[in-house]
Amino acid sequence: MALDKNQIAKRIAKEVKNGMYVNLGIGIPTLVANYIPEGVEVVLQSENGLLGMGPFPTEDKVDADLINAGKQTITTLPGSSIFSSAESFGMIRGEHVDLTILGAMEVSEQGDIANWKIPGKMVKGMGGAMDLVASAKNIIVAMQHTARDGSSKLLKECTLPITGIKCIKKMVTDLAVLEVTGEGFRLLERAPGVTVEEIQKATEGRLIVEGDIPEVQV
Amino acid sequence: MALDKNQIAKRIAKEVKNGMYVNLGIGIPTLVANYIPEGVEVVLQSENGLLGMGPFPTEDKVDADLINAGKQTITTLPGSSIFSSAESFGMIRGEHVDLTILGAMEVSEQGDIANWKIPGKMVKGMGGAMDLVASAKNIIVAMQHTARDGSSKLLKECTLPITGIKCIKKMVTDLAVLEVTGEGFRLLERAPGVTVEEIQKATEGRLIVEGDIPEVQV
Amino acid sequence: MINKTVKNAQEALQGVQDGMTFMLGGFGLCGIPENAIKELLRLGVKDLTCISNNAGVDDYGIGLLLQKRQVKKMIASYVGENAEFERQLLSGELDVELIPQGTLAERIRAGGAGIPAFFTPAGYGTEVGEGKESREFNGKMYLMEQWLKADFSFVKAWKGDTAGNLIYKGTARNFNPMMAAAGKITVAEVEELVPAGELDPNMIHTPGIYVQRIFQGEKYEKRIEQRTVRTA
Amino acid sequence: MINKTVKNAQEALQGVQDGMTFMLGGFGLCGIPENAIKELLRLGVKDLTCISNNAGVDDYGIGLLLQKRQVKKMIASYVGENAEFERQLLSGELDVELIPQGTLAERIRAGGAGIPAFFTPAGYGTEVGEGKESREFNGKMYLMEQWLKADFSFVKAWKGDTAGNLIYKGTARNFNPMMAAAGKITVAEVEELVPAGELDPNMIHTPGIYVQRIFQGEKYEKRIEQRTVRTA
């Protein structure tokens, strides 16, 4: 059975290590914050200018001057700090943020990612995504393995305008956990009950399968 | 009679206009602050990171954490602000400082200035001088017209390692007020009782004398 | 200290003309110069180039200027909250330059700090890099990006003093400090204007030297785009 | 919040080795990491490259490291307060790179902010520009300068919290914030270390992400180079 959004987030949360500074993108990545294991202390960076993002506020604490990069109202935590966008992206570009988790429309077997534009259809802009993927030491993509029409989103080459090249190292989809090696998608884990053949069918790019592939534990 | 240091400073103070942000170098330039006319509101920038430099502190207000670029203890004023060295030189490089007044060892008729190094003899470093002369819209040099041995410091070409090229626009020396035009030193005013011939003799670079040259009023 | 105070938005925007380039602070609707935008609407200046991280929403912020067709060109990083924007863009009425957010922030910072160009990895190998010089440093590829400056910068702060010093609140800081330094004329509007000397010199976010005109905004709506709460 | 506290200078400097590159905050003797310097003296590490705006005075600050011949190379903008420095330099014992102060500040900022190179007008046409790429932008000439980074950065702040957030006091800020971001390992020493949550998030000068280790300094001498006073 394919993983749902919360299960994808839960699996990714296992990649988050104690002491990490983490930037979470919009969508599934945001959910990861809910599954950070007890005892693992991480600091969330919001690229509009906040380090130490806290939970959503209670109704009486809503502050229009305190939002995250998804424009949601949020809170600070003891030890938070606030800064300008130039400082925030200096932090990102300077590789001070340890881990970036973001969504994608397509990923290629070289680790290219496309997630900002569908020509003629969607023009929202890249926001901070190009800075994040060009800079992060460690990027995990959270996405569905296939589009609604069943076509694969794990490709030989991206067909959409790309956000960054050769930058994705790891992916968690509804079907599998994969390492992007530069030569293909190395299958690490499969969703419970999903077969290697099913994953192979859903993957247009080169899938590397070596030995027994365990099931995802979530 | 040649101008003394305080008279040079007093003459330069006339160039300071209301509403200017001014950076004063060490030596005679520092004295300029004492002669800013009543009603002329200026803000002094100290390149180590202070805007709105106040007078020296009284004994009981001395604070080791509040110094100017000459390492002297100073005070702030109502409306002062403090910032990093990167911000401070961003301010200078970005031409937000309206006027820079500094000393020099030599100035050439093209407006080159040398004031940071005497090879084999003095190696103190340029500090902020190269940034200041490369960036300021408006630079006035305060200096003696000749060296102790009588040799001119207003030259065809600088002989010492230069601090910046084609940047000096105006000079006030003990003998004269001059505009640096790129083709020579245009004599604007002469010290009381000093003749054009005396200034000519003390100037190795091309001296441009047109019409009657009035005496400096200080 | 030099006094930068003007009476109101009307006086603050004197000299604003058709065809000018403006920077407008804010991230989404957080920290936007609400009163300056209102005055731009009233003045009706057009053919504007607006530099701002976002383009407001349909009925607020820069979105209002778009509605009135005052904007010729928009330079931004993310414009996803604005259907009218998307319509004008796809129909070709609006010229748009989309820039990675960090590159936008740094180009504006460079404009204020006198740095004509710098290298950044963001956008290398993508369409953002097309026609731009690229170069390798320490085995990694970078694009050369140039500074941005504006005829007017409109910024919004929490508190300001008569000397032009500004303090922002929370994430309403965002692009405001860099834009304050990159405008030929910077207009700061604040929620509370205090006499010089009331703000701690050690806690100033934007030094007064960058601000040419300051006024206390008449009213701040501070609209929230995504009101998200949890139960206590 | 991640806790960056260490017990003392000794623990903070673990991993320091001969031949490393260090950044040391401060302008003159104002805002220098006094306790880290003492520990470097005690450790006796040598062949160091030190990046600092100044080189201390003969008997304090980095001057003490020079006295003990621990420094192989000094990268600074102004070293005029130090006779021993001048002696070692003129005799060839010490390698020195003098950099315009603004270029030094910006190169360090670039190191922390992931910008490998940028253009500045400072030093164009002088010996500072020799061997460097120069380029014209808008009719003015600029030099290309590259980032600076360090194995360890030693910075000194007024207050700090256990999450590594720092607040500087007065002009003791100077180079400290940029250096904090440009060190592989940044050691912050503070006059007062407080629990996370005591400092206002809106008033932090250096966000904790840049600081790997923080401790409260045992003692601060805060020597004054030019004590200048006026009569009341």
Side-chain angles (χ1 to χ4, degrees), chain B residues 16-23 36 39-55 61 63 65-68 74-100 128 130-137 164 167, chain C residues 1-6 23 105-118 147-150 153 157 159-168 177-186 188 193-214:
Chain B
V16 178
K17 306 297 176 212
N18 194 43
M20 274 187 170
Y21 290 88
V22 183
N23 183 291
I36 309 281
V40 172
E41 187 83 72
V42 301
V43 179
L44 301 180
Q45 202 249 17
S46 190
E47 68 263 27
N48 55 322
L50 171 64
L51 206 55
M53 181 164 58
K61 299 276 190 221
D63 181 353
D65 291 327
L66 202 56
I67 64 170
N68 65 15
I74 43 147
T75 55
T76 58
L77 294 169
S80 287
S81 57
I82 289 163
F83 33 83
S84 73
S85 303
E87 183 78 42
S88 185
F89 281 92
M91 222 169 254
I92 289 167
R93 219 188 293 105
E95 300 184 10
H96 301 281
V97 176
D98 301 297
L99 175 61
T100 287
M130 284 195 182
D131 304 274
L132 282 159
V133 301
S135 307
K137 286 171 280 192
C167 51
Chain C
M1 206 65 42
I2 302 165
N3 191 328
K4 311 289 181 79
T5 316
V6 295
M23 288 183 183
E106 192 64 19
R107 287 178 66 184
I108 297 167
R109 192 239 171 215
I115 292 172
F118 60 90
W147 62 12
L148 284 171
K149 299 189 191 197
S153 279
K159 290 185 182 181
D161 71 16
T162 53
N165 295 304
L166 304 177
I167 296 176
Y168 308 95
M178 293 82 75
M179 289 182 172
K184 246 179 252 158
I185 297 175
T186 290
L193 182 61
V194 301
E198 284 206 12
L199 304 179
D200 180 353
N202 211 34
M203 293 298 161
I204 302 298
H205 294 141
T206 289
I209 193 171
Y210 298 127
V211 173
Q212 278 67 49
R213 305 172 190 172
I214 189 167

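Below, read A as the first sequence line, B as the second, and so on, with proteins coming before strands; counting in each chain starts at 1.
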Chemist: Between B:E95, B:M20, B:R93, which has the largest tally of heavy atom pairs under 4.5 Å with chain C?
Modeler: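 The option with the most such pairs is B:R93.
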Chemist: Once side chain to side chain contact (heavy atoms under 4.5 Å, CB included) is applied, do any residues pair with C:A188, and if so which ones, sequence neighbours excluded?
Modeler: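 So C:A188 forms a side chain to side chain contact (heavy atoms under 4.5 Å, CB included) with C:V155, C:L166, C:V211, C:I214.
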Chemist: Minimum heavy-atom separation for C:P207 to B:F83, with atom names?
Modeler: CG-CD2, 3.7 Å
Chemist: Taking side chain as everything from C-beta outward and backbone as N, CA, C, O, which of these in C:K4 sits under 4.5 Å from a heavy atom of chain B? Side chain, backbone, both or neither.
Modeler: side chain
Chemist: Looking only at heavy atoms, what is the nearest atom pair of B:E41 and C:M1, with distance?
Modeler: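 B:E41 and C:M1 have their closest heavy atoms at OE2-N, 2.9 Å.
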Chemist: Checking C:N202 side chain against B:I82 main chain: does a donor-acceptor pair fall under 3.5 Å?
Modeler: no
Chemist: Which atom names give the shortest non-hydrogen contact between B:G79 and C:N165, and what distance separates them?
Modeler: O-ND2, 2.8 Å
Chemist: CG/B:D98 to CD1/C:I209 distance, rounded to the nearest 0.5 angstrom?
Modeler: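 The distance works out to 7.0 Å.
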Chemist: With only heavy atoms counted, which part of B:S135 is less than 4.5 Å from chain C, the side chain, the backbone, both or neither?
Modeler: neither
Chemist: Excluding sequence neighbours, so at least two apart, what forms side chain to side chain contact (heavy atoms under 4.5 Å, CB included) with B:D65?
Modeler: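 Testing B:D65 for side chain to side chain contact (heavy atoms under 4.5 Å, CB included), a comparison that skips the adjacent residues, returns B:D63, D:K169, D:A172, D:E191, D:K222.
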Chemist: Measuring from atom OG of B:S80 to atom CG of C:D200, what distance do you get when rounded to the nearest 0.5 angstrom?
Modeler: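 Taking OG in B:S80 and CG in C:D200, the distance rounds to 10.5 Å.
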Chemist: Can you list the residues that meet the ring pair (Phe, Tyr, Trp, His ring centres under 6.0 Å) rule with C:Y210, with sequence neighbours excluded?
Modeler: B:H96
Chemist: Just checking heavy atoms, which of residues 43-52 of chain B are less than 4.5 Å from chain C?
Modeler: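 Interface residues of residues 43-52 of chain B: B:V43, B:L51, B:G52.
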